[in-house]
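Just below is one structure, and these are the notes that go with it.
What's counted below: heavy atoms across the whole structure, side chains too, no hydrogens, waters or symmetry copies. Positions are given from 1 along the sequence.
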Amino acid sequence: MGIMDFIRGELIEIIEFNDDSRDTISWRFPDNDREIKRGAQLIVRESQVAQFVYLGQFGDTFGPGKHTLVTDNIPILSTLKGWKYGFDSPFKADVYFINTRLFTGNKWGTANPVMMRDQDFGVIRLRAFGTYDFRVVQPRLFLKEVVGTDHNFRLDEFQDTMRSRLVSVFSDSLASARIPALDVASRYQELGEALLPAINPQTIARYGIEIVSFIVENVSVPPEVEQAIDKRSSMSAIGNLNDYVKYQLGQGLATGGGGAGGTAAEMAVGFGIAQEMMRQGAIAPPQSTSPSGDTATSPGHPQAAADLMGVPEVARYLGVSEADVLAAITAGDLKAKKIGTQYRITKAAVDAFLAD
C-alpha cells in the first residue's frame, strides 16, 4: 500500500447515517480518530439533520441533501477554527445526525399523585397516564438539554429521561388551564387538545421538541370526586325530579303496597290526587260547623284568604297611600288585627269603614 493510500485511509471522505432502526433519535458519526478531508461529501437523508460540534461549540447545521464540505458551506465552523483564508488541510469535528421524523405512541404517566387546586374541591390529588407523539424541531437545544454526549441516543432512553419532565409540564399546564376536576375525569380527548397549547411552548423552549398529539387515556381522582361525578350523572339520568317521584310512587303501588314503603307511597299518591281534584273543583273543600249549626269556611280555603288583606292591599283597594291606611288603623276608624309586625284587615271591616 502506497503512502497516498495510507493518507487517504486516514481521512473521512463520506459522512452519512443509514438509519435502519425505528427508535434512534440521534447518532454521532464515528470518526475513529480520523480527520475530515476538504471536499468531503456530507449526505443527509429525509427526516434527518446533521449538526457539527467543534470543541463543545455548535457549528453549522445541514438539512436533507448532499453537501460538499468546503469553506463556503461551513462558515460557522470556519470561524470557530480561525480559518482566515479558508481551509485546505483536514480537520476534526463531531457530526451528530438527528432524526426529525414523528415518533408516535410514547407512553407517559404519573408515578405519584400530582397536586392540583380545583374550584369545586379545593386541593386534590390526581393520577393520570396516556400517550404522546413528538418530533425534534430544534436540534441544537435537543442535543444540549437532552442528548448530551451520548453517541447513540435511542427512544427508550428518551422516555426514561423525559417521563418525569413531561409529568411536570403536564402538572403545570393543567394548573394554568384551570380545567375543573369533574371535566378532567370525564373529557379526556378535549383535555389533551386543550393542554397542547400550554405544553408545547414549554417543551420547545426547554428541550427543543414539539408534542404533536397529547392523549389522556385515564385520570384517577380521589373517592370524594368520584362520588360527586356519580351524583351528577344520577341527576342527569333522573331528569325531572317531579316525574321521577311520581314514577317511584307508581312503582310502589304496582308492587302491591307491601310494607311501610308501599303504604307511604299509597298515602302520598292519595293526597296528591285529592289536591289535584280540589284544584280542578271536582270535590268540595272541607268545611267546619260553627256552634250555631252554620257551616264556616275553613281558614285555609282560598275564599277565607281572599277576605283578609294587608295594609298594601287595602291601600290599593281604597286608592290611598299605606300611610293613610295606618293612620286610620291607629285612630281606630279602621278595624284591624295586628299579628307580629303586620296588620290583617277583613273585607267586612273595610266595608264598615267606607259606610261610616
Task: Under 3.5 Å side-chain donor-acceptor pair for T100 and Q48 - done: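 No - no donor-acceptor pair under 3.5 Å links their side chains.
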Using 0.5 Å steps for rounding, measure from the [atom1] atom of [X] to the [atom2] atom of [Y].
| X | Y | atom1 | atom2 | answer |
| --- | --- | --- | --- | --- |
| R22 | T104 | CZ | OG1 | 8.0 Å |
| F158 | D150 | CZ | CG | 13.5 Å |
| E157 | D23 | CD | CG | 9.5 Å |
| D133 | N106 | CG | CG | 7.0 Å |
| F29 | F17 | CZ | CZ | 11.5 Å |
| L69 | E13 | CG | CD | 12.0 Å |

Task: Which atom of P139 lies closest to which atom of V49, heavy atoms considered - done: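 Smallest heavy-atom distance, with atoms named: CG-CG1, 3.9 Å.
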TODO: Indicate the atoms forming the closest heavy-atom contact of R34 with K92, along with that distance.
DONE: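 The answer is O-CE, 3.8 Å.
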Among all residues two or more places apart in sequence or in another chain, which pass the salt bridge (Lys or Arg N to Asp or Glu O under 4.0 Å) test with [X]?
| X | answer |
| --- | --- |
| E16 | R45 |
| R135 | E210 |
| D324 | none |

Ignoring hydrogens and geometry, is there a side-chain-to-backbone donor-acceptor pair from [X] to [Y] under 3.5 Å?
| X | Y | result |
| --- | --- | --- |
| T203 | I209 | yes |
| Q202 | I199 | no |
| Q51 | F62 | no |
| R140 | G208 | no |

Open item on the list: Could you list the cluster mates of V212? Members are the ILVMFWY residues connected by side-chain heavy atoms closer than 4.5 Å, either directly or through other members.
Closed with: L102
Task: Residues clustered with I43, ILVMFWY side-chain links under 4.5 angstrom - done: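 I14, listed by chain and number.
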Task: Check against side chain to side chain contact (heavy atoms under 4.5 Å, CB included), W108 and V169 - done: CA-CA 11 Å; W108 67 273; V169 172; over 6 Å; no
Counting only pairs under 3.5 Å, give me each side-chain donor-acceptor contact of residues 141-149, with atom names and distances, residues two or more places apart or in other chains.
none

Open item on the list: Using side-chain heavy atoms (C-beta onward) and a distance below 4.5 Å, is R28 in contact with V53?
Closed with: no
